[in-house]
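Notes follow the structure.
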Amino acid sequence: MKKHSFLILVIVFASLLLSGCAEFDGDAGNDLEVELSGVDEVPPESAGLGNDVLYQVSTLDALLQSVYDGVLPIEELETHGDFGLGTFDGLEGEMLALDGDYYQIKTDGLAYPVSGEMTTPFATVTFFETDESYGLEGPMNLTELEAFLDSKLPSENLFYAVRVEGNFSFMKARSVPKQEKPYPRLVDVVSTQAVFEFENISGTLVGFRAPDYVKGVNVPGYHIHFITTDRSAGGHILDFELEEGDAAVDITRAFFMELPTSGDFYEVELGQDLQSDLERVEK
């Protein structure tokens, strides 16, 4: 792995089995070393977790408070996951990663392939491996899909990657334009968002469900993006009407986060109550 002087590693390991019981190798923890300055990256595999890790760049609260400068190249992000979402330098569009391919969905609603040199200020990715799968019978909107999935998940306290292949009679999605400094807050940016509506379309939902206790770090509950089957268009989901589909869930037992150690991230006042901002951003 490359060495990045501009990043701090924060590792939170749940290490939970699907049964809800935890097992730890008594010697594994002794082999794990983390340096918090002049940072050497410690791959999650060193803890024996393989691909069962949710990897994140920066925090949601930082994004809500205008920390939009890209800090990690996409070519590096790709080494941490083949499935996920986020955004790009200057908040330019919606990121979606599916089957190892990364896309940028701009304000025209179209999905563009991403070059490795592009950077991200915020992203969440994993290597998707199906643990549970469910057939979906519609009609079902976004709220109903979330409720259905919640009824199937083994615990509200774990992280989940969610993939849904489906046919939709209606899809409403959005993207946001690239911002220039001084950056406005995200809640103000979405007032200028571009909204797209699709009818009778098939595609894939790519998203995550995070537990309530990570408020401020990631989106509590569901955060989902969409891309069409031909991977030509999509966006951040606002709502939809699902006719039929199949859902796959990847239960992850570890969370691995990297934080910027310079720029706006150092100056922003994190830890504020930004729930009202988040609710407005997610609408």
Side-chain angles (χ1 to χ4, degrees), residues 63 74 82-88 90-114 118 120 122-125 128 130 133-150 160-179 186-187 189-209 219 221-250 278-283:
L63 196 71
I74 301 304
D82 58 7
F83 176 97
L85 45 76
T87 188
F88 297 91
L91 205 69
E92 187 177 11
E94 308 289 342
M95 177 195 296
L96 184 147
L98 182 61
D99 298 327
D101 296 319
Y102 280 66
Y103 299 91
Q104 179 185 31
I105 301 167
K106 298 185 179 181
T107 52
D108 57 6
L110 301 181
Y112 298 86
V114 173
M118 296 173 68
T120 178
F122 177 83
T124 308
V125 300
F128 193 94
T130 300
S133 58
Y134 318 103
L136 303 172
E137 295 183 5
M140 181 182 294
N141 63 24
L142 175 58
T143 300
E144 291 166 338
L145 174 65
E146 293 175 353
F148 173 83
L149 292 173
D150 280 348
Y160 303 91
V162 177
R163 174 173 179 162
V164 175
E165 306 283 350
N167 298 317
F168 303 85
S169 59
F170 173 76
M171 172 67 65
K172 185 177 183 180
R174 70 125 189 266
S175 185
V176 292
K178 181 177 176 62
Q179 303 299 301
L186 186 56
V187 70
V189 172
V190 296
S191 66
T192 64
Q193 68 187 9
V195 176
F196 332 112
E197 295 186 357
F198 307 92
E199 293 184 354
N200 301 318
I201 195 166
S202 62
T204 305
L205 309 184
V206 170
F208 296 94
R209 187 194 188 282
V219 179
Y222 291 89
H223 182 188
I224 307 175
H225 290 183
F226 170 75
I227 194 165
T228 56
T229 298
D230 63 6
R231 303 192 181 183
S232 64
H236 173 107
I237 289 177
L238 298 176
D239 205 357
F240 56 71
E241 193 76 16
L242 173 71
E243 292 300 310
E244 60 180 357
D246 294 290
V249 174
D250 182 7
L278 177 59
E279 291 173 356
R280 291 169 61 189
V281 165
E282 288 296 301
K283 289 182 178 180

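Below, each value reflects all heavy atoms present in this structure, side chains not excepted, and no hydrogens, waters or symmetry copies.
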- Query: With respect to Leu205, which candidate in Leu96, Ile224, Leu142 satisfies the side-chain contact (heavy atoms from CB on, under 4.5 Å) definition?
  - Reply: Ile224

- Minimum heavy-atom distance Ile227-Ala111, with the two atoms named: CD1-CB, 4.0 Å

- Gly235 and Ile105 have their tightest heavy-atom pair at N-CD1, 3.3 Å

- Message: Would the distance check show the side chain of Thr228 and the main-chain N or O of Ala233 forming a donor-acceptor pair, the cut-off being under 3.5 Å?
- Response: yes

- Query: Have Thr229 and Ser202 got a donor and an acceptor in their side chains that come within less than 3.5 Å?
  - Reply: yes

- Item | Leu145 vs Leu136, side chain to side chain contact (heavy atoms under 4.5 Å, CB included): CA-CA, chis, key distance, verdict | CA-CA 9 Å; Leu145 174 65; Leu136 303 172; 3.9 Å; yes

- Task: Indicate yes or no: at least one non-hydrogen side-chain atom of Val125 is less than 4.5 angstrom from one of Tyr102.
- Result: yes

- Task: On the 0 to 90° scale, with breaks at 30° and 60°, tag the Phe83-Phe208 ring pair as parallel, tilted or perpendicular.
- Result: perpendicular

- Message: Applying side chain to side chain donor-acceptor pair (under 3.5 Å) to Tyr160 and Asp150, what does each step give before you reach the verdict?
- Response: CA-CA 11 Å; Tyr160 303 91; Asp150 280 348; over 6 Å; no

- Message: Does the plane of the ring in Phe148 sit parallel, tilted or perpendicular to the ring in Tyr134? Use 30° and 60° as the thresholds.
- Response: perpendicular

- Message: Within the structure provided, determine whether Ile74 and Thr120 are in side-chain contact (heavy-atom separation under 4.5 Å).
- Response: yes

- Message: Please find the pair of heavy atoms, one from Leu85 and one from His223, that lie closest to each other, and give the distance.
- Response: CD2-O, 3.4 Å

- Message: Quick check: do Asp250 and Thr130 have side-chain heavy atoms less than 4.5 Å from each other?
- Response: no

- With a 4.5 Å heavy-atom cut-off, do Arg174 and Val190 have their side chains touching? yes

- Separation between CD of Gln179 and OG1 of Thr87, rounded to the nearest 0.5 Å: 9.5 Å

- Task: Please step through salt bridge (Lys or Arg N to Asp or Glu O under 4.0 Å) for the pair Lys106 and Glu94, ending with a clear verdict.
- Result: CA-CA 7 Å; Lys106 298 185 179 181; Glu94 308 289 342; over 6 Å; no

- Item | Phe88 to Met118 - nearest heavy-atom pair and separation | CD2-CE, 3.8 Å

- Can you list the steps and then say if Arg209 with Leu149 is a side chain to side chain contact (heavy atoms under 4.5 Å, CB included)? CA-CA 10 Å; Arg209 187 194 188 282; Leu149 292 173; over 6 Å; no

- Message: Are Pro177 and Thr192 packed together at the side-chain level, in the sense that at least one heavy-atom pair is separated by less than 4.5 angstrom?
- Response: yes

- Message: If you apply the rule side chain to side chain contact (heavy atoms under 4.5 Å, CB included), what do you find for Asp239 with Asn141, and how did you get there?
- Response: CA-CA 7 Å; Asp239 205 357; Asn141 63 24; 3.7 Å; yes

Residues 162-172, side-chain donor-acceptor partners within the protein, below 3.5 Å, at least two apart:
unit_1: Arg163; atom_1: NE; unit_2: Glu165; atom_2: OE2; d: 2.8
unit_1: Arg163; atom_1: NH1; unit_2: Asp99; atom_2: OD1; d: 2.8
unit_1: Arg163; atom_1: NH2; unit_2: Asp99; atom_2: OD2; d: 3.4
unit_1: Arg163; atom_1: NH2; unit_2: Glu165; atom_2: OE2; d: 2.8
unit_1: Glu165; atom_1: OE1; unit_2: Thr204; atom_2: OG1; d: 2.7
unit_1: Glu165; atom_1: OE2; unit_2: Thr204; atom_2: OG1; d: 3.3
unit_1: Asn167; atom_1: ND2; unit_2: Glu244; atom_2: OE2; d: 3.2
unit_1: Ser169; atom_1: OG; unit_2: Glu241; atom_2: O; d: 3.4
unit_1: Ser169; atom_1: OG; unit_2: Glu243; atom_2: OE2; d: 3.1

- Message: Between Leu91 and Leu186, is the side chain to side chain contact (heavy atoms under 4.5 Å, CB included) condition met? List the steps.
- Response: CA-CA 9 Å; Leu91 205 69; Leu186 186 56; 3.5 Å; yes

- What are the two closest non-hydrogen atoms of Glu92 and Gln104, and how far apart are they? O-NE2, 2.8 Å

- Shortest non-hydrogen contact between Phe240 and Ile237, atoms and distance: CD2-CG2, 3.8 Å

